[in-house]
There are 2 protein chains.
Amino acid sequence: MTSVEEPARSGERIRDAARTRAEILDVATQEFARAGYDGARVDEIAARTRTTKRMIYYYFGGKEQLFTSVLERAYGVIREAEQQLDVDHLDPVAAIRRLAELTLDHHEQHPDFIRLVSIENIHEAQHIAASEKLGKIGSPALDVIRRILASGRESGLFTADVDAVDLHAMISSFCFFRVANRHTFGALFGRDLLDEAQRAHYRAMLGDMVIAYLTAERTPR
Amino acid sequence: MTSVEEPARSGERIRDAARTRAEILDVATQEFARAGYDGARVDEIAARTRTTKRMIYYYFGGKEQLFTSVLERAYGVIREAEQQLDVDHLDPVAAIRRLAELTLDHHEQHPDFIRLVSIENIHEAQHIAASEKLGKIGSPALDVIRRILASGRESGLFTADVDAVDLHAMISSFCFFRVANRHTFGALFGRDLLDEAQRAHYRAMLGDMVIAYLTAERTPR
DNA sequence: TCACTGATGTACGAACCAGTACGTTAGCTG
DNA sequence: CAGCTAACGTACTGGTTCGTACATCAGTGA
């Protein structure tokens with residue numbers, strides 16, 4: 001998360017637009033993730049900032065646009081992480097497994113992002129629709145998946161002609177569910193999907209699942 | 001969904017506690033699913049009912065308990081559906097595939113339930129925790145999965161010693177994601193996961209994935 | 001150094017919204 | 001048919017919450 005860093009020259013800078021803006025975004029991210037869009041309080045965000053509510057309206061225009069900006073930055077972070085993906089040197093099977101594991105880890109490390117996405121879905125992605133930036137970011141991960149799938153198909157390792165977007169959905173769904181539904185799943189089934197002791201287990205399970213799917217002999221049903 | 005049915009003897013019954021209660025629950029389910037817990041308006045629920053806000057407080061005590069009651073009934077519906085599961089006459093592979101397909105269909109047909117679960121997770125399952133009923137419902141689907149897994153293992157069809165709860169999570173995650181994240185996924189990747197024309201495709205994909213996982217030869221990594 | 005603009009703080013308003021005090025009625029029970 | 005209680009309606013309140021009018025200050029460029 002791109003968060004506010006104290007400048008080396010000890011604090012106390014009075015006027016710093018970029019800094020104020022970033023600090024508002026940091027706190028707003030937490031508050032929206034904590035309580036949902038309607039549950040979040042603009043006053044609460046302001047209170048936890050070194051500035052005032054006035055500044056939120058000055059910089060972002062309103063609660064709605066603030067949430068959109070929070071989303072834009074959050075998606076920016078994950079897009080950056082995906083751009084760091086470097087699995088081209090691996091064979092297709094190892095590459096897919098690695099991609100799945102990195103996705104699992106990344107989701108686990110960014111629960112606020114997962115919550116924001118859940119919240120945005122409750123609101124039917126209206127903020128993404130209203131955002132110019134978010135419409136056309138695309139997903140670096142998709143390009144990676146496309147390359148791996150192509151090479152896996154060429155080498156004959158992957159049996160099925162799987163679509164990259166579908167595979168992305170398959171991997172994401174498990175990683176997302178694990179974080180997003182942690183609480184209800186835990187309450188109903190008595191199992192914490194984010195239990196540290198189980199992380200290796202679930203990483204292996206996801207990798208096994210995806211690889212099994214990609215390499216299975218398709219028997220017509 | 002257990003919804004309010006007009007009694008055969010034409011309407012106009014003035015006092016009917018059960019009916020009023022059920023109607024409130026129906027409308028509340030829609031309203032909470034539409035707008036989230038904090039976004040939902042008690043006045044709005046009352047307005048769309050043949051009764052008044054006073055009755056909501058009379059029967060349920062408050063907004064919080066109303067939401068809990070909505071959750072309890074929603075989970076009751078899915079539990080009932082799971083109890084109808086009848087796949088014991090099928091061979092393990094067909095049984096698992098059928099279970100996965102039924103789960104996919106059920107989730108798709110109950111988007112409000114999916115939204116309620118998402119909302120409850122944003123609130124860290126606090127209402128489930130506060131509910132006496134929801135704590136101990138268990139999942140009939142889990143029992144079914146356990147039976148299928150046992151028989152699949154016996155017959156040697158299933159290679160791995162997979163845990164029933166894990167398999168349930170695996171199947172649910174894809175079905176859940178497809179409905180819950182429909183909007184953001186659609187906005188970002190330009191693909192509607194609930195497109196009717198794609199339903200058969202995703203049903204097959206989910207089944208293939210789960211079966212491939214269960215029947216794959218495990219190669220030690 | 002002075003004026004101008006971007007950045008910031010204070011104080012407040014108006015709408016909203018969960019919850020309730022109080023009064024009324026339907027319909028069953030004896 | 002009397003009277004009791006569960007069921008219901010009206011009207012209101014008190015606190016909350018988004019948003020803004022207005023005043024002020026910092027720093028820069030001429």
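Computed from a predicted structure; not experimentally measured. Throughout, a chain's letter reflects where its sequence line sits, starting with A, and its residues are numbered from 1.
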Report task. Indicate whether any N or O donor in one side chain lies under 3.5 Å from an N or O acceptor in the other, for A:Asp112 and A:Thr29. Result -> no
Query raised in the report: When the distance from CG of B:Asp43 to C1' of D:dC12 is rounded to whole Å, what number comes out?
Result: 12 Å
Requested in this report: Go through B:Asp43 and B:Arg48 one step at a time and tell me if the salt bridge (Lys or Arg N to Asp or Glu O under 4.0 Å) criterion holds.
Outcome: CA-CA 9 Å; B:Asp43 282 299; B:Arg48 284 165 50 199; over 6 Å; no
Report task. Measure from NZ on B:Lys63 to P on C:dT20 and round the result to the nearest Å. Result -> 14 Å
Query raised in the report: So does A:Tyr57 get a side-chain nitrogen or oxygen closer than 4.0 Å to the phosphate oxygens (OP1/OP2) of D:dG19?
Result: yes
Query raised in the report: Any chance the rings of A:Phe177 and B:Phe174 have centres within less than 6.0 Å?
Result: no
Report task. Can you tell me the distance, in whole Å, between the CZ atom of A:Phe60 and the P atom of D:dC18? Result -> 16 Å
Query raised in the report: Taking OH from B:Tyr37 and P from C:dC17, how many angstroms apart are they, rounded to a whole number?
Result: 14 Å
Requested in this report: Using atom types as modelled and distance alone, determine if a side-chain donor or acceptor of A:Arg41 lies under 3.5 Å from a backbone N or O of A:Asp38.
Outcome: yes
**Report entry** Distance-only donor-acceptor check, side chains A:Glu82 and A:Ser139, under 3.5 Å
**Finding:** yes
Query raised in the report: Would one find a side-chain N or O of A:Arg41 under 4.0 angstrom from OP1 or OP2 of D:dC18?
Result: yes
Requested in this report: Ignoring hydrogens and angles, state whether a donor on the side chain of A:His127 or A:Glu120 is under 3.5 Å from an acceptor on the partner side chain.
Outcome: yes
Requested in this report: Could you check whether A:Ala46 gets within reach of a base, just the sugar-phosphate, or nothing at all, counting any heavy atom under 4.0 Å?
Outcome: nothing
Report task. Grab the CD-P distance between A:Glu31 and D:dT17 for me, whole Å please. Result -> 10 Å
Requested in this report: Would you give a per-nucleotide map of nucleotides 5-10 of chain D, 5' to 3', where B means the base has a protein non-hydrogen atom under 4.0 Å away, S means only the sugar-phosphate does, and - means neither?
Outcome: -BBBBB
**Report entry** Gap between atoms CD and C1', on A:Glu64 and D:dT17 respectively (whole Å)
**Finding:** 15 Å
